[in-house]
Novice: 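Questions regarding the structure given below will be posed in turn.
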Amino acid sequence: MPAVVFDQVAKTYAGARGEVRALDGISFAIEAGEFFGLLGPNGAGKTTLISILAGLTRATRGSVTVMGHDVVRDYAAARKSLGIVPQELVFDPFFSVRECLRIQSGYFGIRHNDAWIDELLLGLGLADKADVNTRQLSGGMKRRVLVAQALVHKPPVIVLDEPTAGVDVELRQTLWSFIANLNKQGHTVLLTTHYLEEAEALCSRLAMLKQGRVVALDRTANLLAGTASTMLRFKTDDALPASMTAQARVTGRIAQVTAHDAAEVEILLGQLRQGGVKIEDLEIGRADLEDVFLEIMQRENA
């Protein structure tokens with residue numbers, strides 16, 4: 001049985017200029033034990049889809065199930081199967097970290113689980129903050145508390161909605177180590193992130209959304225293999241030739257240009273020489289998930 005199933009999920013809103021379609025017939029399943037990535041530009045519908053999954057928003061059409069439980073008809077069982085880390089920093093300013101976790105446990109009818117709470121505190125680097133009031137914590141520490149609250153009832157499905165947005169490198173490493181270990185133990189993980197290097201490193205399968213539709217759904221390795229496999233990376237202060245700009249991505253002084261094979265690499269280098277472009281730190285490597293993502297989004301625009 002799949003852990004999560006989205007079946008023809010659509011969501012529309014009444015806007016000032018008429019009906020706004022946030023989701024347009026989304027259908028895919030996430031298998032039990034998968035580490036699944038949900039990617040897309042801002043406004044693609046990722047947060048709306050997760051809100052429907054969590055029962056915070058109702059779909060206009062279609063259905064969603066979690067571990068076989070419909071999120072509308074069997075809300076309590078579906079919600080108990082989910083642990084959700086939201087984008088926003090939400091915390092109770094009146095309690096310590098440990099008290100917050102005990103209260104969160106109570107929402108699911110769980111008592112006397114201090115051993116698991118201690119494991120969460122240790123695994124997420126919160127052990128020395130257990131008795132500190134949450135309002136005294138930094139933003140990164142509050143983010144860790146949100147993760148602990150999502151996991152305190154040991155849900156089979158973990159949903160991480162931009163969990164590392166605006167946090168430091170240490171938290172990212174701590175979080176991913178802990179979540180990867182839970183995934184190895186059989187927990188299903190659904191991740192949305194704008195850090196595509198995280199998705200490439202962690203997710204075995206990906207869905208990409210654009211304007212409320214699924215525009216790509218495949219194993220990460222297949223998506224990487226199915227697009228331009230070679231990437232030229234170099235630094236330059238010069239403008240790129242016009243013939244190259246359509247397939248290039250420029251960030252400051254760093255330019256990245258896609259190529260499909262060695263012959264195309266030679267052609268691109270020739271164009272740079274003919275255009276008088278002076279380059280530094282030339283690298284030739286494989287395209288990463290960011291390159292794949294941009295290519296798919298541009299293809300959809302076309």
Side-chain angles (χ1 to χ4, degrees), residues 30 33-42 44 46-47 50 54 82-91 97 100-101 104 116-130 132 134 136-152 154-155 157-209 219-221 223-224 233 249 251-252 254 256 285-294:
I30 302 172
E34 262 197 303
F35 205 127
F36 190 93
L38 185 63
L39 308 180
N42 292 331
K46 304 186 298 300
T47 298
I50 288 176
L82 282 172
I84 299 180
V85 182
Q87 287 187 38
E88 297 81 10
L89 282 178
V90 182
F91 66 97
V97 173
C100 284
L101 296 181
Q104 185 75 14
W116 174 238
I117 288 176
D118 286 338
E119 188 175 337
L120 287 172
L121 293 172
L122 183 63
L124 292 168
L126 287 166
D128 60 338
K129 305 292 184 183
V132 175
T134 53
Q136 296 175 296
L137 300 177
S138 66
M141 287 296 174
K142 288 173 183 172
R143 180 74 64 184
R144 297 183 193 210
V145 175
L146 284 180
V147 175
Q149 286 181 302
L151 301 177
V152 77
K154 294 186 178 180
V157 180
I158 303 166
V159 180
L160 306 170
D161 191 6
E162 300 284 352
T164 56
V167 301
D168 58 38
V169 174
E170 181 186 4
L171 172 56
R172 288 190 192 182
Q173 293 178 342
T174 301
L175 174 61
W176 293 135
S177 175
F178 194 75
I179 295 297
N181 187 50
L182 289 177
N183 180 239
K184 289 177 183 176
Q185 295 174 18
H187 291 260
T188 305
V189 181
L190 170 59
L191 168 69
T192 75
T193 180
H194 285 295
Y195 298 105
L196 299 187
E197 70 277 8
E198 292 181 346
E200 182 176 349
L202 294 163
C203 301
S204 59
R205 202 157 60 99
L206 297 166
M208 295 185 186
L209 303 187
R219 293 189 63 80
T220 307
L223 288 169
L224 289 167
R233 293 182 177 88
R249 186 168 86 241
T251 306
I254 299 175
Q256 300 184 96
R286 294 189 62 82
D288 58 20
L289 187 60
E290 186 170 347
D291 304 315
V292 174
F293 178 82
L294 290 172

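Every heavy atom of this structure was used, including side-chain atoms; hydrogens, water molecules and symmetry mates were not. Just so you know, residue 1 is the first one in the sequence shown, and it goes up from there.
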Novice: Are the side chains of Leu101 and Leu121 in contact, using a 4.5 Å heavy-atom criterion?
Specialist: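 Counting from C-beta outward, Leu121 and Leu101 do come under 4.5 Å.
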
Novice: Apply side-chain contact (heavy atoms from CB on, under 4.5 Å) to the pair Arg144 and Lys129, showing each step before the final yes or no.
Specialist: CA-CA 11 Å; Arg144 297 183 193 210; Lys129 305 292 184 183; over 6 Å; no

Novice: Between Pro163 and Trp176, is any pair of side-chain heavy atoms under 4.5 Å apart?
Specialist: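 Side chain of Pro163 against side chain of Trp176, heavy atoms only: contact under 4.5 Å found.
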
Novice: Nearest 0.5 angstrom please: Ile50 CD1 to Leu38 CG, how far?
Specialist: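 The distance works out to 6.0 Å.
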
Novice: Indicate the atoms forming the closest heavy-atom contact of Ala199 with Leu206, along with that distance.
Specialist: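 The answer is CB-CD2, 4.2 Å.
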
Novice: Supply the atom-to-atom distance Glu34 CD to Leu190 CG, rounded to the nearest 0.5 angstrom.
Specialist: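 Answer rounded to 0.5 Å: 10.0 Å.
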
Novice: I'd like to know if the side chain of Asn183 and the backbone of Gly33 have a donor-acceptor N/O pair within less than 3.5 Å.
Specialist: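 Yes, the answer is positive, given that a donor and an acceptor are paired below the 3.5 Å cut-off.
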
Novice: Assess the residue pair Leu120 and Phe178 against the criterion (side-chain contact (heavy atoms from CB on, under 4.5 Å)); give the C-alpha distance rounded to whole Å, side-chain angles, the decisive distance to 0.1 Å, and a yes or no.
Specialist: CA-CA 9 Å; Leu120 287 172; Phe178 194 75; 3.7 Å; yes

Novice: Test your reading of the model: is there a side-chain donor-acceptor pair from Glu162 to the backbone of His194, 3.5 Å cut-off?
Specialist: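 Indeed, once roles are kept as given, a pair shorter than 3.5 Å links the two residues.
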
Novice: Is the closest side-chain heavy-atom distance between Ile30 and Val157 below 4.5 Å?
Specialist: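 They are not in contact (no side-chain heavy atoms under 4.5 Å apart), so the answer is no.
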
Novice: Please answer whether the main-chain N or O of Gly40 pairs with a side-chain N or O of Lys46 as donor and acceptor at a distance below 3.5 Å.
Specialist: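 Flag set: sc Lys46 to bb Gly40 pair under 3.5 Å.
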
Novice: Which residue in the set Val292, Leu289, Leu209 passes side chain to side chain contact (heavy atoms under 4.5 Å, CB included) when paired with Leu39?
Specialist: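 Only one of Val292, Leu289, Leu209 forms a side chain to side chain contact (heavy atoms under 4.5 Å, CB included) with Leu39, namely Leu289.
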
Novice: For Leu126 and Met141, what are the C-alpha separation, side-chain angles and deciding distance, and is it a side-chain contact (heavy atoms from CB on, under 4.5 Å)?
Specialist: CA-CA 7 Å; Leu126 287 166; Met141 287 296 174; 3.8 Å; yes

Novice: So which atom in Gln104 and which in Gln149 form the shortest heavy-atom distance, rounded to 0.1 Å?
Specialist: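 What the structure gives for the nearest pair is CG-O, 3.5 Å.
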
Novice: Which atom pair, heavy atoms only, marks the closest approach of Leu224 to Glu200?
Specialist: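 Answer, listing the atom of Leu224 first, then Glu200: CD1-OE2, 3.8 Å.
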
Novice: Give me the atom names and distance for the closest heavy-atom approach of Gln136 to Val132.
Specialist: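 Nearest pair, atom of Gln136 first, then Val132: OE1-CG1, 3.7 Å.
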
Novice: Check Asp161, Leu175, Leu160, Leu191 against Val85 for a side chain to side chain contact (heavy atoms under 4.5 Å, CB included) and give me the one that passes.
Specialist: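 Exactly one option meets the side chain to side chain contact (heavy atoms under 4.5 Å, CB included) with Val85, and it is Leu160.
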
Novice: To the nearest 0.5 Å, tell me how far Ile179 CD1 sits from Ile158 CD1.
Specialist: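 Reported value, rounded in 0.5 Å steps: 5.0 Å.
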
Novice: To check you understand the geometry: which heavy-atom pair defines the closest contact between Pro155 and Leu82, and what is its length?
Specialist: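 Smallest heavy-atom distance, with atoms named: CB-C, 3.5 Å.
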
